[in-house]
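Beneath this line is the structure, given in structure tokens, with notes to follow.
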Amino acid sequence: MEPRNAPEIFLKPYNPAEREPEILKKWEDSGYTNPDRCIEDGITDKDAETFSIVLPPPNVTGTLHMGHAAMLAVEDILVRYNRMRGKRTLWIPGTDSAAIATQAKVEDILYKKEKKTRHDIGRDALMQLIEQFTDESKATIINQVKKMGASLDWSRYAYTMDEKRNAAVSEAFIRMYEAGLIYRGDRIVNWDPKLQTTVSDDEIERVEQKTPFYYFQYGPFVIGTVRPETKFGDKYVVMHPADERYKAFEHGQKIELEWINGPITATVIKDEAADMEAGSGVMTITPAHSGIDFEIAKRHNLDIEQVIDERGILLPIAGELAGQHIKKARPLIVEKLKEKGLLVKVDEDYTNNLAANSRGGGTIEPQIKRQWFIAVNKPVKFPTGETMTLKEWMRRAVDSSETKIMPERFEKIYFHWIDNLRDWNISRQIWFGHRIPAWFKGDETKVQVESPGEGWVQDEDVLDTWFSSGLWTFSTLGWPQESDDLKTYHPTTVLETGYDILFFWIARMVLMSGFLRGEVPFRHVYLHGLVRDAKGRKMSKSLGNIIDPLTMIEKYGADATRLSLIIGASMGNDLKLSEDRVRGYKHFANKVWNITRFVLEQAPNAEAKINEADQKLLDEAHAIATTVSGHIDAFRLDLAADTIYHYVWHRFADEIIEESKPILKGEDAAAQASRVAALYQILLVFLKLLHPFMPFVTEAIWQQLPQPASAKGSGEAMKGSDLLMVAKWPLLR
RNA sequence: GCGCGCAUAGCUCAGUCGGUUAGAGCGUUCGAUUCACAUUCGAAAGGUCCCAGGUUCGAAUCCUGGUGCGCGCACCA
């Protein structure tokens with residue numbers, strides 16, 4: 001058969017690297033990622049149902065990795081699908097300052113280049129360096145996000161540290177302070193001696209490790225510990241009131257005994273926090289460096305003495321070991337106790353979970369510090385008029401299904417987290433971040449944005465980065481102004497992110513949106529899994545198993561990269577990715593390209609009448625549209641993509657086209673015309689179905705289709721544009 | 001310690017409300033093909049649905065117990 005109609009471009013295989021930039025430009029020039037523009041041009045109905053997503057803002061420190069790529073693919077599929085279905089669709093882009101990580105990185109660069117620390121150059125100079133760094137990084141990551149084909153509305157771009165977001169953060173802090181939700185207090189917090197800042201409970205990572213477990217003679221008792229270096233100040237010995245073994249001892253009883261630096265007087269404390277099952281059932285406490293000990297000390301009004309300073313150095317209470325770092329001091333203390341005959345035994349095979357700062361910091365040292373907290377158990381009045389605690393609100397939002405977490409098992413994990421939640425420490429002792437709008441003068445405190453006047457000094461601390469992230473769904477829409485965007489698009493429809501930040505972010509957004517707006521931040525939470533290598537290992541530099549999305553895009557195209565991250569990736573489960581997978585989907589893009597070539601090579605007949613057999617084929621295509629739509633509506637993108645993939649390749653190409661060949665070569669002109677028309681119409685249907693998943697190749701093909709836009713798909717094209725991106729989704733059967 | 005989840009072909013995974021002979025992709029083997037295809041097409045082999053018990057006319061699917069693996073939380077001295 002002679003090629004008759006197919007444009008020349010189809011004679012060569014599909015070349016994504018060549019096509020993608022021009023397609024990207026067409027989309028950008030159209031402005032149709034902005035729903036306002038779609039309404040202006042009559043593509044979307046003003047009163048249409050809305051569909052909104054905020055992009056989880058990538059950190060400005062990083063470059064695009066496969067996790068981002070997976071996130072962008074999922075969200076873009078949802079966005080393109082809903083836009084094509086005629087919904088008023090908004091997807092807001094943004095970037096995140098990632099305070100601690102960014103500052104640490106810039107400090108690192110500063111030290112490597114000039115051997116200077118932040119204290120050498122001062123706060124202002126450091127902030128300037130950070131600004132320079134983040135400006136560059138922002139441009140890089142934005143450019144990379146675009147290459148994935150993400151149809152974000154860049155006219156609404158937000159940065160967590162820009163002016164509008166700063167204003168939102170201050171407003172939120174002040175409102176919460178005035179409601180009594182935010183308070184300042186001396187409490188035991190997680191101190192990172194390396195980064196010199198506190199971190200929240202959720203940022204702590206437990207690392208299992210083998211540590212010797214020491215048993216010491218403490219007067220008449222045997223006590224156990226993995227941290228001998230904290231034991232200098234121990235002058236209280238605690239046991240359970242119901243412990244029969246120690247009923248001879250009374251609460252408050254004084255006992256003289258020999259300890260590390262000589263004789264001391266210990267006091268017996270009976271408290272139910274002591275676990276009778278653990279070790280000897282007796283423990284000494286270090287209230288300044290342990291959460292549970294601190295609670296006990298407060299209950300019984302005991303002395304609290306700091307033993308270790310902010311850098312991990314022993315204080316004068318340690319006697320001759322004062323000034324030593326705890327790491328070096330530990331063996332010396334053990335040695336000293338051994339000499340005194342107080343070392344009972346050592347269990348070398350003990351494993352315990354060491355608390356470390358998951359944000360690249362050091363080993364956590366509990367310290368008592370004056371910090372800002374959000375009270376999660378305090379009843380307050382919500383904008384809805386109800387009075388409840390933040391915990392209760394967070395529980396109800398999900399319990400009532402106002403927000404639905406998918407996959408559902410994460411709802412249980414969420415509830416479990418809420419049950420264990422304690423007041424949230426929101427102040428950080430770093431320089432980069434949102435300054436706390438609090439001012440001090442002597443004993444007075446004022447919470448407001450501007451300085452109250454002469455002699456007032458602003459709090460040096462900045463806010464936990466998740467404080468501002470918690471506002472993200474509505475700070476990006478104009479809050480605290482009651483803007484049109486806010487009224488139209490909030491609560492957002494979907495929040496899609498990795499399950500690893502369920503608590504950090506999702507829960508904090510529910511909290512903030514609840515108290516500040518009296519509504520949930522989103523209707524659905526879609527949690528995707530982590531992208532791992534083909535063997536299921538985490539991708540990491542040290543393993544050398546990183547698959548770079550930008551390399552994949554260059555080699556195989558953004559479409560293939562997207563599909564490789566969608567098919568076979570069921571919700572909430574980790575995905576094993578290999579370069580072979582990506583290559584496989586490049587073949588699919590080329591298959592679609594060639595199918596188009598075949599269909600276009602047939603001469604269409606304007607008078608063609610579709611016969612009964614061919615109508616069945618059309619019906620079948622529309623039935624596929626129904627199936628695909630149903631899967632997307634249920635957020636089963638893996639099944640949706642698999643369905644359309646299978647239909648296009650193994651039904652349309654392998655069967656329908658093959659069966660068509662005899663008809664097209666045959667003598668029956670009517671049958672021939674009918675089949676040509678049917679093939680063309682089915683092509684239009686599946687290009688649309690495929691578009692959310694593979695936007696580039698489908699748009700590239702769409703642009704080559706011979707008929708004018710208005711006629712494409714028998715009047716199913718939307719008004720105003722010949723872009724597939726805003727074409728109307730096929731009819732469902 | 002408390003909690004959540006997973007186990008289906010060599011590998012990666014679907015399997016919806018409990019219902020026909022348990023499916024797909026990749027891989028393997030065999031064959032065809034340059035007639036849309038930087039190839040593609042056809043066919044075949046491959047299963048104790050982790051184990052044991054229970055409910056049921058009927059169980060990969062529901063229940064109980066066990067085994068193995070993964071994850072989350074946790075202030076065990």
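All heavy atoms count here, side chains included; hydrogens, waters and symmetry mates do not. Residue numbers start from 1 in every chain, and the chains themselves are labelled A, B, ... in the order their sequence lines are given, proteins ahead of strands.
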Worksheet item: Can you list every pair that meets salt bridge (Lys or Arg N to Asp or Glu O under 4.0 Å) and has a residue in residues 671-680 of chain A, with sequence neighbours left out?
Response: Asp614(A)-Arg675(A)

Item to complete: Using the side-chain hydrogen bond (donor to acceptor under 3.5 Å, both in side chains) rule, take Asp234(A) and Thr286(A) through it: C-alpha gap first, then chi angles, then the decisive distance, then the call.
Response: CA-CA 6 Å; Asp234(A) 289 9; Thr286(A) 314; 2.9 Å; yes

Discussion item. Just to verify, which of Trp417(A), Phe415(A), Phe410(A), Trp424(A) counts as forming a ring pair (Phe, Tyr, Trp, His ring centres under 6.0 Å) with Phe503(A)?
Written reply: Trp417(A)

Atom pair distance, as rounded to whole Å: [atom1] in [X] and [atom2] in [N]:
X         : N      : atom1 : atom2 : result
Glu658(A) : C41(B) : CD    : P     : 9 Å
Lys538(A) : C71(B) : NZ    : P     : 9 Å
Gln602(A) : C35(B) : CD    : C1'   : 12 Å
Ile701(A) : A36(B) : CD1   : C1'   : 12 Å
Leu11(A)  : A36(B) : CG    : P     : 13 Å
Trp593(A) : U40(B) : CH2   : P     : 17 Å
Ile657(A) : C41(B) : CD1   : P     : 11 Å
Lys235(A) : A77(B) : NZ    : P     : 23 Å

Spacing of the [atom1] atoms in [M] and [N] (rounded, Å):
N      : M      : atom1 : answer
A77(B) : C4(B)  : C1'   : 28 Å
U55(B) : A14(B) : C1'   : 27 Å
G58(B) : G19(B) : C1'   : 7 Å
G3(B)  : U8(B)  : P     : 26 Å
G72(B) : G25(B) : C1'   : 32 Å
C57(B) : C51(B) : C1'   : 26 Å
A24(B) : C49(B) : C1'   : 16 Å
C41(B) : C26(B) : P     : 9 Å

When you measure from the side chain of [X], which nucleotide among [options] comes out closest?
X         : options                : value
Thr225(A) : C41(B), A36(B), A77(B) : A77(B)
Ser290(A) : C75(B), A36(B), C76(B) : C75(B)
Asn590(A) : U40(B), A38(B), A36(B) : A38(B)
Arg597(A) : A36(B), C75(B), U40(B) : A36(B)
Phe598(A) : A36(B), A77(B), U40(B) : A36(B)

Give one of base, sugar-phosphate or nothing for [X], where a contact means two heavy atoms less than 4.0 Å apart.
X         : answer
Glu295(A) : nothing
Phe503(A) : sugar-phosphate
Ala634(A) : nothing
Asp293(A) : nothing
Ala569(A) : nothing

Worksheet, complete the sentence: With sugar-phosphate taken as primed atoms, P, OP1 and OP2 and all else as base, the protein-contact string of nucleotides 22-27 of chain B at under 4.0 Å (heavy atoms; B, S, -) is ---S--

Practice prompt. Between protein and nucleotides 12-18 of chain B, map the contacts as a letter string: B base, S sugar-phosphate only, - none, heavy atoms under 4.0 Å, written 5' to 3'.
Written response: SSSS---

Are a donor atom and an acceptor atom from the side chains of [X] and [Y] found within less than 3.5 Å of each other?
X         : Y         : value
Asp399(A) : Tyr414(A) : no
Asp464(A) : Asn425(A) : no
Gln306(A) : Gln367(A) : yes

Tell me whether the side-chain N/O atoms of [X] come closer than 4.0 Å to OP1 or OP2 in [N].
X         : N      : value
Lys586(A) : A38(B) : no
Asn420(A) : G72(B) : no
Arg422(A) : C73(B) : no
Lys12(A)  : A36(B) : no
Arg206(A) : C75(B) : yes

Between [Y] and [X], is the closest basic N to carboxylate O distance under 4.0 Å?
X         : Y         : value
Glu229(A) : Lys327(A) : no
Asp202(A) : Arg508(A) : yes
Lys270(A) : Asp243(A) : no

Worksheet entry | Strand contacts (RNA chain B) in residues 406-419 of chain A, 4.0 angstrom heavy-atom criterion | Arg409(A), Lys412(A), Ile413(A), His416(A)

Worksheet item: Which word best sums up how the rings of His650(A) and His646(A) line up, parallel for under 30°, tilted for 30 to 60°, or perpendicular for over 60°?
Response: tilted

Worksheet entry | Glycosidic conformation of C17(B), taking syn as within 90° of 0 and anti otherwise | syn

Can you tell me how far [atom2] of [Y] sits from [atom1] of [X], rounded to the nearest 0.5 angstrom?
X         : Y         : atom1 : atom2 : value
Arg597(A) : Ile701(A) : CZ    : CD1   : 13.0 Å
Tyr215(A) : Leu343(A) : OH    : CG    : 11.5 Å
Tyr526(A) : Met71(A)  : OH    : CE    : 13.0 Å
Leu689(A) : Thr626(A) : CG    : OG1   : 9.0 Å

Practice prompt. Given side-chain hydrogen bond (donor to acceptor under 3.5 Å, both in side chains), test Tyr680(A) with Gln602(A) step by step and report yes or no.
Written response: CA-CA 9 Å; Tyr680(A) 188 72; Gln602(A) 316 309 319; over 6 Å; no

Discussion item. Checking Phe504(A) now: which residues fulfil ring pair (Phe, Tyr, Trp, His ring centres under 6.0 Å) with it, not counting sequence neighbours?
Written reply: Trp466(A)

Worksheet, complete the sentence: Listing for RNA chain B: consecutive Watson-Crick or G-U pair runs of at least 3, distance cutoff 3.5 Å, ranges ordered by first number, gives B:1-7 with B:67-73, B:10-13 with B:23-26, B:28-32 with B:40-44, B:50-54 with B:62-66

Response to the item:
Partner of Val189(A) under side-chain contact (heavy atoms from CB on, under 4.5 Å), picked from Lys369(A), Glu365(A), Arg370(A), is Lys369(A)

